[in-house]
Amino acid sequence: MSLKERIQETRDFVLSSTSVRPSIGIVLGTGLGDLANYVEVETRLDYKEIPHFPYSTAPGHKGELLLGTLEGKQVVVMEGRFHYYEGWSLEQITYPIRVMKAIGVETLIISNAAGGLNPLFKAGDIMLIDDHINLMGVNPLIGPNDEELGPRFPDMSEPYSQQLIEVAEKVALEEKIPVKKGVYIAVTGPNLETRAEYRFFRIIGADAVGMSTVPEVIVGVHAGLKILGISVITDMCLPDALEPVSVEKIIATASASADKLLRLVKGVVRSI
Ligand code: HPA
């Protein structure tokens, strides 16, 4: 079955399971799942019951697709996302983004937990993603291209909508949430990185590092979605002052910042 046929099957399943017709899609990153508690959920679909969907094995991630309303807007929320290090292909990881597009999503809000490379950041900060570097060594668009899903050579001059960044900055100001802005670099993981790697990432222009988001954003751009990316800085990755960090600590820091992220996302959803 072709990718397009699978997407259509999943779309039909999702749309026949709910009356929600979302135009906004939200992806919740590591430790940020609490946000889902604020969505008025009409329909909750276990990833395992959705045809062709992968399911989540990463710590700090559930595995449910929520359809409902947030701030009066119809939304679809991925509670738990997929990572390359889990062994999924990039096509599988990004499949839910294709499905979001197919069920009517136009705006994608995507969050993650990331390590801070910019020395002016601190753990707990929120960073609006202004641009990214794909250092995963793979790309979800490799393979035959279906022109009906998107162009062979998608333009990447503005993967993150400057208009949405402006909206987020305005909300942040109103809500008194300090936000940073910067470049996210994606690596495969699952190990955290060495000091030499962090030094390299900083030299090539990154402000934060993580193991997700970029594949979804590439597919989102391919599909013509408007994208807002938000990183929660969970630990500082300063090569000359590096402290050991555990995934438990990363999840705890992300959870502690979840309230700020929620207020930001709610404000943006209200303004869209
Ligand atoms: N690398 C380092 N620190 C992190 C990461 C990462 O990928 N994600 C969250 N904190």
Side-chain angles (χ1 to χ4, degrees), residues 27-35 56-62 78-88 90 93-94 109-140 159-160 179-218 229-262 264-265:
V27 180
L28 299 177
T30 301
L32 301 169
D34 282 358
L35 240 164
S56 197
T57 67
H61 288 261
K62 285 199 192 166
M78 275 185 80
E79 196 177 8
R81 66 133 67 82
F82 309 102
H83 303 80
Y84 192 52
Y85 63 73
E86 293 172 82
W88 302 109
L90 286 193
I93 288 169
T94 56
I109 301 175
I110 187 160
S111 64
N112 59 52
L117 297 162
N118 184 324
L120 298 178
F121 292 2
K122 57 183 188 316
D125 276 353
I126 304 256
M127 182 188 92
L128 302 175
I129 306 178
D130 183 47
D131 206 348
H132 74 221
I133 298 172
N134 178 16
L135 208 74
M136 285 187 153
V138 282
N139 189 299
Y160 302 86
V179 288
K180 306 282 200 284
K181 198 156 66 169
V183 174
Y184 176 92
I185 189 163
V187 292
T188 64
N191 59 279
L192 299 173
E193 296 71 33
T194 65
R195 285 174 293 129
E197 286 166 342
Y198 289 140
R199 193 174 291 113
F200 169 62
F201 299 163
R202 187 70 192 135
I203 289 169
I204 64 173
D207 295 292
V209 54
M211 304 174 192
S212 67
T213 303
V214 165
E216 292 112 308
V217 168
I218 291 173
I230 309 172
S231 290
V232 174
I233 305 298
T234 52
D235 52 291
M236 286 307 295
C237 305
L238 303 173
D240 298 309
L242 193 60
E243 290 172 14
V245 68
S246 66
V247 166
E248 291 71 30
K249 201 171 147 225
I250 287 175
I251 293 173
T253 309
S255 302
S257 287
D259 176 61
K260 280 195 284 187
L261 184 75
L262 171 70
L264 189 60
V265 169

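Both counts, for ligands and for their atoms, begin at 1 and track the order of listing. These values consider heavy atoms only, across backbone and side chains, with no hydrogens, waters or symmetry-generated copies. Since the structure is predicted, the reported quantities are computational estimates derived from the model, not experimental observations.
Taking the side chain as every heavy atom from C-beta outward, Asn139 and Ile218 approach each other to under 4.5 Å. Between Ile185 and Phe200 there is no side-chain heavy-atom pair separated by less than 4.5 Å. Side-chain contact between Arg199 and Asp240: present, with at least one pair of heavy atoms (C-beta onward) separated by less than 4.5 Å. Looking only at side-chain heavy atoms (C-beta outward), Ile126 and Leu261 come within less than 4.5 Å of each other.
For atom 1 (N) of ligand 1, the nearest protein heavy atom (residue, atom name, distance) is Glu193 OE1, 2.7 Å. When hydrogens are left out, the protein atom nearest atom 6 (C) of ligand 1 is Val209 O, 3.6 Å; that is the closest non-hydrogen contact. Closest to atom 8 (N) of ligand 1 among all protein heavy atoms lies Ala113 O, 3.5 Å. From the protein, the heavy atom lying nearest to atom 10 (N) of ligand 1 is Asp235 OD1, 2.6 Å. For atom 2 (C) of ligand 1, the closest heavy atom belonging to the protein is Tyr198 OH, 3.1 Å.
Looking at Ala114 against ligand 1, only its backbone comes within 4.0 Å, counting heavy atoms. In Tyr85, neither the side chain nor the backbone holds a heavy atom less than 4.0 Å from any atom of ligand 1.
For ligand 1, the atoms closer than 4.0 angstrom to any heavy atom of Leu192 are 1 (N), 2 (C), 3 (N), 6 (C). Set against the non-hydrogen atoms of Cys237, the atoms of ligand 1 under 4.0 Å away are 2 (C), 3 (N). Taking a cut-off of under 4.0 Å to the non-hydrogen atoms of Gly210, the atoms of ligand 1 that pass are 7 (O). Proximity to Thr234 (heavy-atom distance under 4.0 Å) selects the following atoms of ligand 1: 9 (C), 10 (N). When each atom of ligand 1 is checked for a heavy atom of Gly115 under 4.0 Å away, the hits are 3 (N), 4 (C), 5 (C), 8 (N), 9 (C), 10 (N).
The pair Asp130-Lys181 does not meet the salt-bridge criterion, since no charged nitrogen lies less than 4.0 angstrom from a carboxylate oxygen. Ion pairing of Asp207 with Arg202 is present here, as a side-chain N (NZ or NE/NH1/NH2) and a carboxylate O approach within less than 4.0 Å.
Among the candidates Phe201, Tyr184, Tyr160, the single residue satisfying the ring pair (Phe, Tyr, Trp, His ring centres under 6.0 Å) test with His132 is Tyr160.
Rounding to the nearest 0.5 Å gives a distance of 4.0 Å between CD1 of Ile110 and CD of Glu216.
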